[in-house]
Amino acid sequence: QVQLVESGGGSVQAGDSLRLSCAASGRTFSMSWFRQAPGKEREFVALTGWHDRTTVYAESVEGRFTISKDSAKNTVYLQMNSLKPEDTAVYYCAGGSRYSFNPRDYTSWGQGTQVSVSA
């Protein structure tokens, strides 16, 4: 199983930026970010792949978040700009065998990192 470790979360004010990192012990086909707020289901945020520059974003973050990767470091990033209180959640990176919005299609998960955005 590929090990994933997220970092970079924190507590910020609305309008601020954060960059999350996901360090991977190996490569899966796809890498995605999900988030989960208290009492809510896990929500797709963004995806990419190691083999190309394909990116897909949830409508709620389109234009504000950017997923990227550093292949030499086996690390995936989520740059989050113009943060809003509704972005508050635990953010997880995940690896899977195909592009998917469904968390059930991902077999490797990080431990999560908390992002809190105050108004």
Report the residues that fulfil salt bridge (Lys or Arg N to Asp or Glu O under 4.0 Å) with R64, sequence neighbours left out, ordered by chain and then residue number. D87

Report yes if the side chains of L18 and D16 come closer than 4.5 Å at any heavy-atom pair, otherwise no. no

To the closest 0.5 Å, what do you measure between CZ (R27) and OG (S108)? 14.5 Å

Heavy-atom nearest pair, A24 first then V2, reads CB-CG1, 4.4 Å

Smallest separation among heavy atoms of A14 and P85, with atom names: CB-CD, 4.2 Å

Do Y106 side-chain atoms and S30 backbone N/O form a donor-acceptor pair below 3.5 Å? no

Evaluate the ring planes of Y99 and F29, with Trp represented by its six-membered ring, and classify them as parallel (under 30°), tilted (30 to 60°) or perpendicular (over 60°). tilted

Run the numbers on S60 and R35 for side-chain contact (heavy atoms from CB on, under 4.5 Å), then give the verdict. CA-CA 12 Å; S60 59; R35 66 187 183 187; 3.4 Å; yes

Please check if V56 and L20 belong to a single hydrophobic cluster, counting links between Ile, Leu, Val, Met, Phe, Trp and Tyr side chain heavy atoms closer than 4.5 Å. no

Evaluate whether atom CD of E86 has more than 12 neighbouring non-hydrogen atoms of other residues, nucleotides or ligands under 6.0 angstrom away. yes

Show me the donor-acceptor pairs within less than 3.5 Å that the side chains of residues 111-119 make with the rest of the protein, sequence neighbours left out.
from	atom 1	to	atom 2	distance (Å)
Q111	OE1	E6	N	3.4
Q111	NE2	E6	O	3.0
T113	OG1	G9	N	3.2
Q114	NE2	A89	O	3.4
Q114	NE2	S116	OG	3.3
S118	OG	V12	O	3.4

Decide whether V61 and V90 are clustered together by the hydrophobic rule: side chain heavy atoms of Ile, Leu, Val, Met, Phe, Trp, Tyr closer than 4.5 Å, transitively. no

For W109, which of F34, W33, Y91 qualifies under ring pair (Phe, Tyr, Trp, His ring centres under 6.0 Å)? F34

Pairs meeting criterion ring pair (Phe, Tyr, Trp, His ring centres under 6.0 Å) with involvement of residues 58-82, two or more places apart: none

Count I, L, V, M, F, W, Y as connected when their side-chain heavy atoms are under 4.5 Å apart, and connections chain through other members. Are L78 and Y92 then in the same cluster? no

Separation between CZ (F44) and CG (N102), nearest 0.5 Å, reads 11.5 Å

For the side chain of T48 and the backbone of T54, is there at least one donor-acceptor N/O pair under 3.5 Å apart? yes

Can you tell me how far the CH2 atom of W50 sits from the CG atom of N74, to the nearest 0.5 Å? 5.0 Å

Establish whether M80 and L47 are linked, either directly or via other cluster members, by ILVMFWY side-chain heavy-atom contacts under 4.5 Å. no

Rounded to the nearest 0.5 Å, what separates atom OG1 in T75 from atom NZ in K69? 12.5 Å

